[in-house]
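Below you'll find the structure, written out as structure tokens, and then a few comments.
In what follows, every chain begins at residue 1, and chains take the letters A, B, ... in the order their sequences are listed. These figures come from a predicted structure and were not determined experimentally.
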Protein chains: 2
Amino acid sequence: MGIIFSRQCEYALQAILHLASQPRDSMTSIRELAAKLDIPYHFLAKILQSLATKGILNSQRGPAGGFALSKPPEEINLISVVEAIDGLAISNQCVLGFPECGGSNPCALHHQWGDIREAVQKMLMNKSIAKLSRETRLSRT
Amino acid sequence: MGIIFSRQCEYALQAILHLASQPRDSMTSIRELAAKLDIPYHFLAKILQSLATKGILNSQRGPAGGFALSKPPEEINLISVVEAIDGLAISNQCVLGFPECGGSNPCALHHQWGDIREAVQKMLMNKSIAKLSRETRLSRT
DNA sequence: GTAATTTCAGACAAGATAGTCTGAATATAT
DNA sequence: ATATATTCAGACTATCTTGTCTGAAATTAC
């Protein structure tokens with residue numbers, strides 16, 4: 001597992017990021033994505049299939065088939081991807097693991113963690129795939 | 001796994017939090033901690049042993065034995081506990097899982113995540129177990 | 001010194017996550 | 001039609017995390 005995302009989710013984000021850098025009407029194969037991103041082929045296949053059934057990607061079989069974003073990258077934000085793969089544990093669960101922790105009965109870190117959680121959510125909601133892709137290209141030189 | 005801490009780490013923090021609420025010179029047994037915090041006995045035992053070998057707890061065998069904080073709770077901060085159990089992955093690893101991500105070659109979320117990471121670290125460093133314990137007692141009523 | 005209570009140590013089992021393999025279904029090109 | 005390249009589906013394995021079990025070692029009380 002990564003820091004806050006599962007490995008599946010990290011792979012999903014990496015793949016989507018790459019898809020956003022491709023021409024909007026072209027399809028990219030698992031083979032190509034797996035090679036470029038150094039992700040196990042069949043593992044990535046499952047993840048992409050899952051993203052397809054959840055409506056985030058389109059898929060097409062046969063030669064010249066592959067995957068593509070189902071919507072323009074401006075309209076996909078990070079949180080929808082994260083939610084599709086990892087769910088919303090970040091939003092709900094107590095950071096110290098107390099099951100009884102909540103608004104009316106907060107643990108000692110509840111409020112301070114709340115600020116951080118909001119920052120994370122804001123980051124994930126405000127970042128569209130388009131923005132992310134643009135900044136990624138800038139940062140690679 | 002919890003949100004950012006492993007379950008082991010959550011249990012460790014919960015246990016230490018409870019120890020901080022006990023008289024400084026008394027020992028608390030695994031049995032009591034496991035019951036109060038609803039943590040599997042032997043699993044907690046391992047965690048406490050690990051914290052003991054790392055110098056965060058003192059332990060004593062035999063009847064009336066158990067565990068106690070090795071230092072006054074004012075002198076223990078959260079990050080030392082987290083580091084002892086989970087290591088420093090939060091500080092080092094890329095949030096998107098890119099192995100090549102770093103200061104000179106940042107991923108698209110690197111800087112924004114950096115702010116959040118710092119907030120987390122600040123939270124963990126500034127919070128002593130004493131503070132945490134005090135605020136926990138306040139919040140339970 | 002014997003019994004009771006505890007930590008200590010390490011092997012083991014269960015569950016979750018990550019990763020692999022094989023073959024079927026589908027689409028394209030020739 | 002046939003060959004090829006792809007996704008799709010599901011079973012299988014590996015690895016990591018979590019949790020369980022058993023017995024030894026230490027300490028205390030009697």
Side-chain angles (χ1 to χ4, degrees), chain A residues 1-15 19 22 25-35 37-70 82 84-87 89 93 97 99, chain B residues 1-15 19 22 26-35 37-70 82 85-87 89 93 97 99:
Chain A
M1 162 124 176
I3 312 180
I4 52 172
F5 304 134
S6 69
R7 183 158 288 169
Q8 279 194 51
C9 191
E10 288 178 354
Y11 289 164
L13 291 169
Q14 292 181 17
L19 289 178
Q22 299 302 111
D25 54 352
S26 75
M27 291 295 212
T28 309
S29 69
I30 302 173
R31 186 179 37 72
E32 185 184 338
L33 282 167
L37 299 169
D38 196 30
I39 298 174
Y41 181 92
H42 289 95
F43 194 35
L44 179 58
K46 282 186 167 184
I47 296 168
L48 295 178
Q49 283 168 32
S50 166
L51 289 171
T53 62
K54 273 155 187 161
I56 295 173
L57 300 181
N58 289 332
S59 67
Q60 195 183 2
R61 301 202 233 193
F67 291 86
L69 301 181
S70 68
V82 172
I85 303 289
D86 278 353
Q93 290 176 11
Chain B
M1 162 127 176
I3 313 181
I4 52 174
F5 305 135
S6 69
R7 182 155 289 170
Q8 279 193 52
C9 191
E10 289 178 353
Y11 289 164
L13 291 169
Q14 292 180 18
L19 289 177
Q22 299 302 109
S26 75
M27 291 294 212
T28 308
S29 69
I30 303 173
R31 186 178 37 73
E32 184 183 339
L33 283 167
L37 299 169
D38 196 30
I39 298 173
Y41 180 94
H42 290 94
F43 194 35
L44 180 58
K46 281 186 166 180
I47 297 169
L48 295 177
Q49 282 167 32
S50 166
L51 289 171
T53 63
K54 272 155 188 161
I56 295 173
L57 299 181
N58 288 332
S59 66
Q60 195 182 3
R61 301 202 233 193
F67 292 86
L69 301 180
S70 68
V82 172
I85 303 289
D86 278 353
Q93 290 177 11

Every protein N/O within reach of nucleotides 4-7 of chain D N/O, cut-off under 3.5 Å:
unit_1, atom_1, unit_2, atom_2, d
D:dT6, OP1, A:Arg31, NH2, 2.9
D:dT6, OP2, A:Arg31, NE, 3.0
D:dT6, OP2, A:Arg31, NH2, 3.2
D:dT6, O2, A:Gly62, N, 3.4
D:dT7, OP1, A:Ile30, N, 2.8
D:dT7, O2, A:Arg61, NH1, 3.3

Which pairs of donor and acceptor atoms, one on a side chain in residues 56-69 of chain B, lie under 3.5 Å apart (sequence neighbours left out)?
none

Exercise answer: donor-acceptor pairs, residues 2-15 of chain B side-chain atoms, under 3.5 Å, sequence neighbours excluded:
unit_1, atom_1, unit_2, atom_2, d
B:Ser6, OG, B:Cys9, N, 3.1
B:Ser6, OG, B:Asp86, OD1, 2.6
B:Gln14, NE2, A:Leu96, O, 2.9

Base-contact (B) and sugar-phosphate-only (S) positions in nucleotides 10-16 of chain D, heavy-atom cut-off under 4.0 Å, - elsewhere: -B-----
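Along DNA chain C, read 5' to 3', the first and last nucleotides having any atom under 4.0 Å from a heavy atom of chain A are C:dA18 to C:dT28.
With sequence neighbours left out, B:Thr28 forms a side-chain contact (heavy atoms from CB on, under 4.5 Å) with B:Leu19, B:Gln22, B:Glu32, B:Leu33.
Separating the CG atom in A:Leu51 from the CG atom in A:Leu44 is a distance of 9.0 Å, to the nearest 0.5 Å.
Distance CD (B:Gln14) to P (D:dT18): 13 Å, rounded to an integer number of Å.
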